[in-house]
Amino acid sequence: MAPTPNELPCQKTTLTDMRTSKVADVEVVLVTGGAGFVGSHTIIELLNVGYQVVVVDNCLTSKPPRKGETLPAVLRRVQDITGMNLDFHMVSLLDRQALRKVFLLYKVDVVIHFAALKAVGESVKRPLDYYHNNLTGTITLLQVMSEVGCKRLVFSSSSTVYGSAQYFPTDEEHGTGVGITNPYGRSKYVCEQIMKDLTVADKEWRVVLLRYFNPVGAHESGLIGDDPLGVPVNLMPYLAQCAVGRRDVVHVFGGDWDTPDGTCVRDYMHVVDLAKGHNAALAKVSDKKFTGAKAYNLGRGKGISVLEMISAFSKACGKEIPYKIVGRRRGDVRRTTCSGTLAEKELSWKSSRTVDDMCRDVWRWQSKNPNGYE
Ligand code: UD1
C-alpha cells in the first residue's frame with residue numbers, strides 16, 4: 001500500500017535489512033537522477049513516509065561517490081537527515097542491461113524520473129547530446145519498465161513546455177510545445193508526448209507529469225542544497241556563491257523586459273514544497289481509479305523579479321549582493337507564473353513556504369557548505 005502524502009513518518013525500521021529484497025507492504029520507489037538537487041530533497045520526503053528508495057544516477061551533473069564509498073556525499077547526508085538507508089547504483093539510463101538488472105533486483109513498484117540534462121544554454125550548443133540523453137534515456141527507461149511490468153511513473157517535467165506563455169497564471173489547459181526556446185525544453189515536451197502516447201496504447205500505465213516552475217531553497221537542516229558542477233547557470237546558486245565570495249557579481253540578464261522593474265519574473269518555489277508534491281503524485285499514480293497521463297503544475301502562483309530576488313537574498317544573508325545588468329540571455333522568457341489550482345484540488349498539494357524561507361534556507365546551506373559537497 002502506498003502511504004498518503006500527508007502521512008507522518010511511519011516506517012523508521014531499518015531499511016538496511018531490506019537491501020535487494022522487497023518487504024511486504026513497503027513500496028519500492030526507483031528514483032532516477034536522485035543525486036541531483038530536486039531528487040535528493042524528494043528522497044527525504046519518500047523515506048519519511050516509509051517508501052523503500054533505490055537511486056539510479058550516472059553522476060554526470062552531480063558529484064559521484066568518493067573513492068572507496070558507495071554513496072555520493074549528498075545521499076550520505078540524506079541518510080543522516082532521515083536516519084534511513086537507501087540503495088544507490090551509478091548507472092546510466094542509456095545502459096539498458098544495467099538498468100534492467102536494478103529493476104529486477106528490487107522488484108521496483110513505481111518510478112520517479114528526474115534524470116536529465118537541464119542547462120538551457122548548454123542545450124542550445126549541444127542539442128544532440130541533450131536529445132540523446134533526455135529522450136533516448138527516457139525511452140529506454142519506459143521500455144525496461146514495460147518489460148518488467150512496472151507501469152506507474154511520476155515524471156519531472158517543466159513549465160518550459162508552455163513556451164512563452166500567453167496568459168498568467170498559466171494553467172494546465174494552456175497549449176504546450178509552441179514557442180519553446182531551447183532543446184532542453186523541447187526534450188521535456190517530447191517526453192511528455194511519448195508518455196501520453198504510451199498510456200493510450202497501454203491502459204495499464206498511470207503517469208503523472210509534474211510541471212515545475214522554479215525550484216530553489218534547501219533542506220532546513222542546511223546539510224543538502226543545490227551544488228551545481230562548475231559555474232551555476234541558475235540564479236539562486238549563483239547568488240549564493242556570490243554571498244560566500246566564490247563569485248564577484250551577479251549578472252542580471254536584461255533590464256529592458258516588459259515587467260515592472262525591467263527584469264524577468266519567475267514563480268520561485270521551495271524545493272521542500274516541491275519534494276512533497278512528489279509524494280502527492282505517487283499517491284495519485286497508485287490510485288486504481290486514475291488512468292492515463294495527466295499534467296499538474298507545481299508552483300506558488302506568485303511571480304517575483306530578478307531584482308526582487310537579489311534584494312530578498314541580500315536581506316537573508318545580511319550583505320548587499322553586487323549585481324550588474326547585462327544583455328538578455330538567449331532563450332529566456334519574460335515571465336512565468338503558475339496556476340496551482342489543479343494540484344491543490346486533485347493532489348491535495350499546495351506550497352506553503354515563502355521567498356524569505358527559500359532565501360534563508362539557501363543561505364544556511366551555502367554558508368555551512370561554501371564549497372558545496374567538497
Ligand atoms: C530554466 C528553464 C526551466 C528549468 C530551469 C532549471 C526555460 C525558459 N526555463 O529556468 O525550464 O527548469 O532553468 O534549470 O527554459 N538570471 C540572471 N542571472 C543569472 C542567472 C539567471 O539574471 O546568473 C535570471 C534569468 O534570466 C531568469 C531568472 O534569473 O530571468 C531565473 O533564471 P534561472 O534560475 O536560470 O531559471 P529559468 O531560466 O527561469
Side-chain angles (χ1 to χ4, degrees), residues 33 36-39 61-62 114-124 127 130 134 155-165 168 170 176-189 191-192 209-217 226-243 246-269 271 274 297-300 303-313 321-338 355 358-359 362:
F37 172 50
V38 181
T61 56
S62 57
F114 293 104
L117 295 174
K118 63 156 197 158
V120 171
E122 186 183 64
S123 79
V124 176
Y130 270 67
N134 294 1
F155 176 57
S156 159
S157 189
S158 166
S159 60
T160 195
V161 300
Y162 295 120
S164 200
F168 306 99
T170 307
T176 57
V178 178
I180 298 175
T181 50
N182 56 78
Y184 155 75
R186 272 187 284 277
S187 76
K188 288 288 173 190
Y189 166 71
C191 283
E192 284 198 1
L209 313 164
L210 294 179
R211 295 178 180 157
Y212 311 158
F213 282 65
N214 284 64
V216 298
D226 199 359
D227 182 28
L229 297 181
V231 181
V233 292
N234 296 118
L235 178 64
M236 211 54 179
Y238 203 101
L239 273 176
Q241 291 190 9
C242 276
R246 281 171 68 185
R247 317 264 161 222
D248 296 333
V249 58
V250 179
H251 297 108
V252 175
F253 299 139
D256 57 351
W257 292 91
D258 181 17
T259 58
D261 66 16
T263 65
C264 290
V265 169
R266 293 288 182 272
D267 190 337
Y268 297 94
M269 66 186 306
V271 65
L274 178 63
N297 287 342
L298 297 186
R300 281 195 330 135
I304 70 161
S305 73
V306 177
L307 291 184
E308 285 170 327
M309 187 53 111
I310 294 176
S311 157
F313 195 81
I321 306 289
Y323 70 86
K324 187 167 129 196
I325 297 187
V326 297
R328 291 182 180 190
R329 179 171 70 175
R330 207 169 145 198
D332 261 344
V333 294
R334 177 177 67 94
R335 179 176 173 196
T336 59
T337 41
C338 164
V355 168
M358 299 171 208
C359 292
V362 169

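Whatever order the structure lists ligands and atoms in, that order sets their numbers, starting from 1. Only heavy atoms go into these numbers, but all of them, side chains included; no hydrogens, no water, no symmetry mates.
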Q: Looking at Trp257, does the NZ or CZ of Arg335 lie under 6.0 angstrom from its six-membered ring centre and within 45 degrees of the ring axis?
A: no
Q: With atoms numbered from 1 as shown, which atoms in ligand 1 lie under 4.0 angstrom from a non-hydrogen atom of Asn182?
A: 15 (O)
Q: Got a donor-acceptor contact below 3.5 angstrom from the Asn134 side chain to the Leu117 backbone?
A: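 Checked: pair present.
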Q: Give a yes or no on whether Arg330 atom CZ has more than 12 heavy-atom contacts from other residues, nucleotides or ligands under 6.0 Å away.
A: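 No, CZ of Arg330 has 12 or fewer neighbouring heavy atoms, counting only those of other groups under 6.0 Å.
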Q: For atom 11 (O) of ligand 1, which protein heavy atom lies nearest, and how many Å away is it?
A: Ser158 OG, 2.7 Å
Q: Quick one: which ligand 1 atoms are inside 4.0 Å of a heavy atom on Val233?
A: 20 (C), 35 (O)
Q: Report, in ascending order of atom number, the atoms of ligand 1 lying under 4.0 Å from any heavy atom of Thr160.
A: 7 (C), 8 (C), 11 (O), 15 (O)
Q: Which ligand 1 atoms does Val252 reach within 4.0 Å, using its non-hydrogen atoms?
A: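 Taking each heavy atom of Val252 in turn, ligand 1 has 22 (O) under 4.0 Å.
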Q: Looking only at distances, can you tell me whether any N or O atom of Thr181, backbone or side chain, sits closer than 3.5 Å to an N or O atom of ligand 1?
A: no
Q: For atom 34 (O) of ligand 1, what's the nearest protein heavy atom and its distance?
A: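 Scanning the protein heavy atoms, the shortest distance from atom 34 (O) of ligand 1 goes to Leu235 N, 2.9 Å.
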Q: Pick whichever of Val333, Val120, Val265 has a heavy atom sitting closest to atom 2 (C) of ligand 1.
A: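 Ranked by closest heavy atom to atom 2 (C) of ligand 1, first place is Val120.
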Q: Hey, is ligand 1 close enough to Arg329 that some N/O pair sits below 3.5 Å?
A: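 Among all N and O atoms of Arg329, at least one is under 3.5 Å from an N or O of ligand 1.
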Q: Got a donor-acceptor contact below 3.5 angstrom from the Tyr130 side chain to the Val120 backbone?
A: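 No, because the side chain of Tyr130 does not come within donor-acceptor range (under 3.5 Å) of the backbone of Val120.
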Q: Tell me: protein heavy atom nearest atom 30 (O) of ligand 1, and distance?
A: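 Among all protein heavy atoms, the one nearest atom 30 (O) of ligand 1 is Cys264 CB, 2.9 Å.
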Q: With respect to atom 13 (O) of ligand 1, which of Asp267, Val161, Asn234 exhibits the smallest heavy-atom separation?
A: Asn234
Q: Hey, are the side chains of Pro183 and Val124 touching, using non-hydrogen atoms and a 4.5 Å cut-off?
A: yes
Q: Using a 3.5 Å distance criterion without hydrogens, assess whether the side chain of Asp267 forms a donor-acceptor pair with backbone atoms of Cys338.
A: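 Pair found, side chain donor or acceptor close to backbone of Cys338.
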Q: Has the side chain of Asp261 got a donor or acceptor atom that lies under 3.5 Å from a matching backbone atom of Thr263?
A: yes
Q: Considering only non-hydrogen protein atoms, determine which one is nearest to atom 37 (P) of ligand 1 and report residue, atom name and distance to 0.1 Å.
A: Asn214 ND2, 3.6 Å
Q: Using modelled atom types only, decide if a donor and an acceptor are shared between the side chain of Thr181 and the backbone of Gly331 within a distance under 3.5 Å.
A: yes
Q: Output the list of atoms in ligand 1 that are nearer than 4.0 Å to some heavy atom of His251, sorted by atom number.
A: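 Here the atoms of ligand 1 in question are 17 (C), 18 (N), 19 (C), 22 (O), 23 (O).
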Q: Return the residue, atom name and 0.1 Å-rounded distance of the protein heavy atom closest to atom 27 (C) of ligand 1.
A: Arg266 NH2, 3.7 Å
Q: Out of all atoms in ligand 1, which are within 4.0 Å of some heavy atom of Asp332? Include the element for each.
A: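 Reading through ligand 1 atom by atom, the close ones are 25 (C), 26 (O), 38 (O).
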Q: Return the closest protein heavy atom for atom 31 (C) of ligand 1 as residue, atom name and distance.
A: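 Residue, atom and distance for the closest contact: Tyr268 OH, 3.5 Å.
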Q: State whether the side chain of Lys188 and the backbone N or O of Ser156 hold a donor-acceptor pair below 3.5 Å, judged by distance alone.
A: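 Pair found, side chain donor or acceptor close to backbone of Ser156.
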Q: Pair up each side-chain donor or acceptor in residues 246-253 with any protein partner under 3.5 Å, not counting sequence neighbours, and list the distances.
A:
unit_1: Arg246; atom_1: NH1; unit_2: Pro370; atom_2: O; d: 2.8
unit_1: Arg247; atom_1: NE; unit_2: Gln241; atom_2: OE1; d: 2.9
unit_1: Arg247; atom_1: NH2; unit_2: Gln241; atom_2: OE1; d: 3.0

Q: If you measure from each non-hydrogen atom of Tyr184 to ligand 1, which part falls under 4.0 Å: side chain, backbone, both or neither?
A: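 Answer for Tyr184: side chain.
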Q: Please name the residue in the list Thr336, Ile180, Asn297 that meets the side-chain contact (heavy atoms from CB on, under 4.5 Å) test with Tyr162.
A: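 Among the candidates, only Asn297 passes.
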Q: Considering only the protein, which heavy-atom contact is closest to atom 24 (C) of ligand 1, and what is its distance?
A: Val306 CG2, 3.8 Å
Q: Just to confirm my output: which protein heavy-atom neighbour is closest to atom 22 (O) of ligand 1, and how far is it?
A: Phe253 N, 2.9 Å
Q: Just by distance, do the side chain of Arg211 and the backbone of Gly299 share a donor-acceptor pair under 3.5 Å?
A: no
